[in-house]
Every structure is written in C-alpha cells, then in structure tokens.
Amino acid sequence: IPVDPFDLVIFGATGDLAQRKILPALFRRFCAGQFCKASRIIGAARTMHDRDTYRAMVASAIREHAPHRGCEDGTLEQFLDTLDYVQLEATGETGWKALAEHLTPGRVRAFYFSVGPGLFGELAQRLHDYGLTTQETRIVVEKPFGRDLHSAQELNAMLASHFRESQIYRIDHYLGKETVQNLMVVRFANMLFEPLWNSQYVDHIQITVAESAGIAGRAEYYDRAGAMRDMVQNHLMQLLCLTAMEPPARFEPDALRDEKLKVIRALDPVLPHHIVRGQFQAVAGQEAAHPSYRDEAGNPRSTTESYIALRVHISNWRWAGTPFYLRTGKRLVARSSVISVMFKDAPHSIFGQECGRHANVLTIRLQPNEGITFQVTIKEPGPGGMRLIDVPLDMTFAEALGPEGEDPPDAYERLIMDVIRGNQTLFMRGDEVEAAWAWTDPIIADWEQRGEVPKPYESGSPGPGDAELLMKRDQRYWRGIK
Ligand code: BG6
C-alpha cells in the first residue's frame with residue numbers, strides 16, 4: 001500500500017548503516033512503488049558533499065549492497081532524484097537553516113538518528129531550537145540504546161523532554177525480519193500450536209543467533225559492548241519475548257509491547273553457572289580466515305565476550321519449569337538464526353522402547369533460508385516392521401511464497417515504512433528497553449566484579465565446549481548450527 005509523500009532526514013547519512021541498510025531499503029521500497037518521487041530523502045552529515053556527489057555515493061552503495069533489477073531499468077535514477085544532501089554539524093550551527101529549507105510543511109516528517117547515542121541529545125535540541133519538529137514529526141533511533149539501565153534512562157528522559165513516546169521509534173531490526181513477524185502469526189492465527197505452547201507440553205526452547213562473521217570494522221564499539229550488550233539485551237530478548245508472551249488482545253503497538261514487557265519482568269536473575277561466555281581464538285596456520293578476537297579487536301588483553309550461552313527461566317504460569325536456552329556468537333561455524341521449540345516426548349510409547357525417543361520440534365528459521373519446519377514422527381516406509389523416523393514438514397518461504405529469484409525483503413524495508421505510516425508495533429517502547437537493561441545489568445556487574453575471563457573457542461567452531469556442558473548437565477543438547 002503506497003504511503004503519502006514524506007520528508008525523511010537521515011542524520012549520519014554517509015555512515016555505514018545508512019549506506020548498507022537504510023538507503024538500499026528505501027530504494028527497494030521505491031522499486032516496489034510504495035512511495036513516489038514527491039517524497040524527499042535528505043541526507044545530512046558532516047562530510048562535504050553536494051547533491052550530485054552524494055547521489056553518486058548512494059548509487060554505488062546500492063549497487064554494492066542491494067543489487068536489484070531497478071538498478072538497470074532506470075528506477076535507480078528516479079530514486080536518486082528524491083535525494084538531497086545537507087552538510088550539517090550535529091554539535092554546531094552549520095547546516096540547520098539549509099535543512100529547514102528542504103522540508104515541506106504539512107507532510108509526515110521523520111528524522112533518522114543514524115549516529116551514536118552521544119549525539120541524540122544535540123540533535124533533539126537543535127531540531128527543537130530550529131523549529132523543525134511538528135506534531136507529525138517522528139524520530140528513529142538505533143541501538144545501542146544506552147549501555148546499562150542508567151544510561152538508557154537518561155536517554156529516555158532526554159528524548160521525552162522533546163518528543164512524546166508516540167513519536168519515538170526505537171529500532172530493533174530483528175523485529176522487522178519476516179520470520180519474526182511470522183512467529184506471531186504462526187502462534188496466534190493457528191489453533192494447532194497455542195494450546196501446546198506451555199510448560200506442560202514444551203520441554204525447552206532454544207534460541208540461537210550464530211554468525212560466521214567477526215567484528216572487523218566495528219572493533220571500537222564491539223570491544224566495549226560484547227555479545228551481551230550487542231545481541232542479548234536487544235535481539236535475543238525480543239525473540240524470547242515474542243516466543244514466550246501471552247497473546248495480545250489486538251495486534252496493536254501497546255497491546256503487544258505490554259505483553260513483551262511482562263515477559264521481561266518475569267525473567268529470573270540468571271545464575272552464574274547458567275552462563276557461558278566465550279571469545280574466539282585463531283586457528284593455527286589459518287589466521288587470515290580464522291583470526292583471534294583479540295587480533296580483530298586490536299586489544300591483546302581484551303576480556304570481552306564474542307559468544308554467550310545462557311539458561312533462562314521465566315517465572316510465570318505458562319513457563320515455570322521450561323527453560324529457555326539462548327546463545328549467540330561471532331565467528332561460529334555458520335550464519336544461522338533459529339528458534340527451536342522442543343516438545344516433550346509422548347507420555348507412553350505403545351511401540352516399545354526399541355523404537356527410541358521421538359519428540360516434535362517446531363523450528364523457526366530466521367536466516368538464512370527463512371522458513372518453518374515441524375518435525376513429526378512417522379513409520380519408516382516399507383515392510384520392515386514398525387520402525388519410527390522423524391521427518392520435517394517443511395515450509396521454506398522462498399520456495400513456497402517468494403517471487404522467484406528475489407531476496408526476501410530486508411528488515412529495514414518494513415520498519416522504515418512503518419515509521420512513515422506511524423505504526424509503532426514493531427518498535428521498542430522506552431520501558432521495555434529499560435526492563436531489558438535491568439535484567440542484564442546484574443549479570444554484567446557480576447562478571448566485572450569477579451574479573452571473569454571468557455572461555456576460548458576456535459574461530460569457525462560451534463562455540464566453547466562449556467556451552468555443550470551447560471546442556472548436557474540438563475540431559476539436553478543443542479541443535480546443530482547449520
Ligand atoms: C547488530 C549487531 O545489531 O546485529 C551486530 O550490532 C550483528 O553485531 C547484527 O552482527 C546481526 O544482524 P543480522 O540481521 O545480520 O542477523
């Protein structure tokens with residue numbers, strides 16, 4: 001559904017996120033006909049550019065990061081016509097008057113803060129001082145939203161002094177992923193799963209976000225953050241919430257966010273022996289392909305974790321007694337993000353012990369190869385007696401639904417258009433972010449106090465051996481990363 005013409009200002013318009021994600025996402029939405037040439041996208045940054053050099057920069061970023069048939073059929077040139085550029089100082093007065101001249105009164109106006117959180121306050125203040133905000137103004141802020149509860153509270157308070165909560169769009173791009181949204185549809189639009197979605201029938205749930213890439217190019221940020229702040233506090237927490245929450249009464253922003261918040265507030269503190277921190281090590285002789293974390297980070301004494309596995313409990317009626325195992329890491333054996341709901345065994349096997357143990361597993365694959373698989377037990381075909389095997393009922397979205405040869409839409413495409421439409425459902429509310437930090441802060445404080453050193457794991461492996469032990473102690477095992 002096309003959106004009305006809008007003005008979108010991207011602060012940090014020459015930065016990595018804008019070039020790799022935001023502008024390519026906008027281009028793909030433009031190709032899909034979702035917005036027209038009357039809309040304006042205004043890049044703003046400190047770097048010296050004029051409109052033409054900026055457009056050339058964006059064109060080459062799009063060709064590199066999001067090649068699309070629109071690059072060849074003239075659509076790219078039409079998209080570039082919607083772009084302007086303003087050289088602007090976030091911490092000074094340069095460029096703000098010029099920016100004001102680019103904005104059209106009466107339109108939806110969105111400001112995308114694609115900059116470090118240290119600049120949020122300056123930007124918000126100047127938007128206010130130069131009278132650039134209207135009732136229709138929205139601001140989009142990226143993670144990291146603070147680095148602990150205190151800094152997140154400060155950021156929320158500062159934003160609240162300039163904008164209403166309904167104007168603030170805190171992005172967690174995992175919420176824009178197609179399969180993450182599908183998780184809610186699978187849960188709440190089918191009768192099949194929801195009656196079984198509780199501790200009576202679910203043995204445990206695994207949430208894995210494995211990455212094969214390292215931290216190259218982002219060492220300065222990552223070495224201060226680590227996997228807990230970079231991935232668990234936000235992306236894995238969101239996945240956990242959507243998997244565990246109660247059905248909201250309606251698919252509406254506050255109804256959904258209230259339910260997510262209840263999950264976070266019901267999380268037990270994590271016991272130290274339910275956490276494994278890891279840091280990747282080089283593989284001897286293959287340092288180029290498999291470097292060590294400390295080399296990548298340029299910090300020979302770093303004790304930052306590039307991997308974390310946790311056993312998490314949600315103390316509420318639905319989930320008491322069903323653990324959630326979360327893990328995420330860099331330079332693992334493959335890039336693979338999966339939620340696996342592991343159902344309990346049937347209470348009694350009428351086929352006898354020799355048929356082995358079989359349990360249903362619902363696997364929601366976020367990436368790559370997005371889709372949902374339900375593992376069921378059937379009789380092995382043939383006359384050889386009653387042998388049971390597990391087979392997947394497979395729904396790979398690309399095969400089942402996607403137009404041939406086309407990549408699934410990127411999370412940012414959906415999220416940016418939601419900003420323009422004024423739909424906050426897939427964005428985090430301030431109290432949610434704070435509750436997530438309130439849960440992570442004591443875990444991090446405990447490591448710092450004990451001077452915890454992460455366990456080594458080989459770059460390109462499934463992670464530290466201790467993570468296997470975490471499961472083994474509970475007579476469970478991780479699903480393979482593939
Ligand atoms: C970002 C993290 O938010 O998400 C990165 O800062 C991580 O460290 C990235 O690599 C993962 O996103 P995706 O969409 O590639 O799974």
Side-chain angles (χ1 to χ4, degrees), residues 12 15-22 24-25 28 65-66 112-117 140-147 152 169-183 207-240 242 277-280 291 293 296-297 302 304-308 326-339 364-371 397 407-416 426-428 432-433 436-437 440 454 459-460 463 481-482:
D16 197 54
L17 181 73
Q19 300 290 311
R20 292 172 72 93
K21 292 287 184 188
I22 304 172
R28 289 184 63 147
H65 301 300
Y112 200 126
F113 291 13
S114 177
V115 296
V140 187
V141 293
E142 274 287 339
K143 66 173 270 262
F145 198 84
R147 58 176 278 110
Y169 290 71
R170 295 176 195 79
I171 282 210
D172 184 312
H173 77 280
Y174 267 59
L175 291 177
K177 289 187 190 273
E178 199 60 27
T179 328
V180 176
Q181 295 167 56
N182 231 318
L183 169 61
I207 302 179
T208 298
V209 178
E211 296 184 88
S212 48
I215 57 153
R218 302 168 71 224
E220 202 189 328
Y221 150 75
Y222 192 91
D223 202 39
R224 294 191 64 237
M228 189 70 171
R229 288 191 173 97
D230 184 50
M231 297 293 289
V232 177
Q233 186 271 348
N234 37 77
H235 305 325
L236 276 88
M237 181 66 82
Q238 291 296 323
L239 299 181
L240 172 71
L242 297 180
R277 291 173 82 218
Q279 192 186 69
F280 61 83
Y293 174 83
E296 270 202 355
S302 174
T304 300
E305 78 284 357
S306 58
Y307 176 98
I308 186 161
L326 316 183
R327 65 178 163 166
T328 182
K330 304 269 186 207
R331 291 231 179 257
L332 295 178
V333 56
R335 176 171 188 254
S336 165
S337 299
V338 178
I339 301 172
I364 299 137
R365 276 193 320 276
L366 269 51
Q367 59 196 26
N369 210 5
E370 309 177 311
F397 295 155
D407 292 339
D410 185 77
Y412 279 89
E413 292 181 48
R414 164 78 200 245
L415 295 176
I416 298 171
L426 298 176
F427 295 83
M428 292 179 297
E432 231 184 295
V433 179
W437 281 121
T440 28
S459 171
I481 298 176
K482 47 186 188 245

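The shown structure was predicted, so the numbers you read here are calculated from the model rather than taken from an experiment. Excluded from the calculations below are hydrogen atoms, water molecules and symmetry mates; all remaining heavy atoms, backbone and side chain alike, are included. One-based numbering, in listed order, for ligands and for the atoms of each.
At most 12 non-hydrogen atoms from other residues, nucleotides or ligands lie less than 6.0 angstrom from CZ of Arg20.
Every N/O-N/O distance between Tyr221 and ligand 1 stays at or above 3.5 Å. Among the atoms of Lys177, some N or O lies under 3.5 angstrom from an N or O of ligand 1. By the 3.5 Å distance cut-off applied to N or O atoms, Tyr222 is not counted among the residues near ligand 1.
Residue Lys330 comes nearest to Gly214 through the heavy atom pair CD-O, 3.8 Å, listed as atom of the first residue, atom of the second, then distance. In this structure, Ile308 and Met228 approach most closely via the heavy-atom pair CD1-SD, 3.5 Å. Considering every non-hydrogen atom in both Ile171 and His173, the closest pair reads CG2-N, 3.6 Å.
Numbered from 1 in the order shown, with element, the atoms of ligand 1 that lie under 4.0 Å from a heavy atom of Arg218 read 2 (C), 5 (C), 6 (O), 8 (O). Against a heavy-atom cut-off of under 4.0 Å, Glu211 is close to the following atoms of ligand 1: 7 (C), 10 (O), 11 (C). If you number the atoms of ligand 1 from 1 as listed, the ones under 4.0 Å from a heavy atom of His235 come out as 1 (C), 3 (O), 4 (O).
Ring orientation note: the planes of Phe427 and Tyr169 are nearly perpendicular, at an angle over 60° on the 30°/60° scale.
With respect to the salt-bridge test (charged N to carboxylate O, under 4.0 angstrom), the residues Glu296 and Arg331 qualify.
Contact annotation: for Arg229 versus ligand 1, there are no heavy atoms closer than 4.0 Å.
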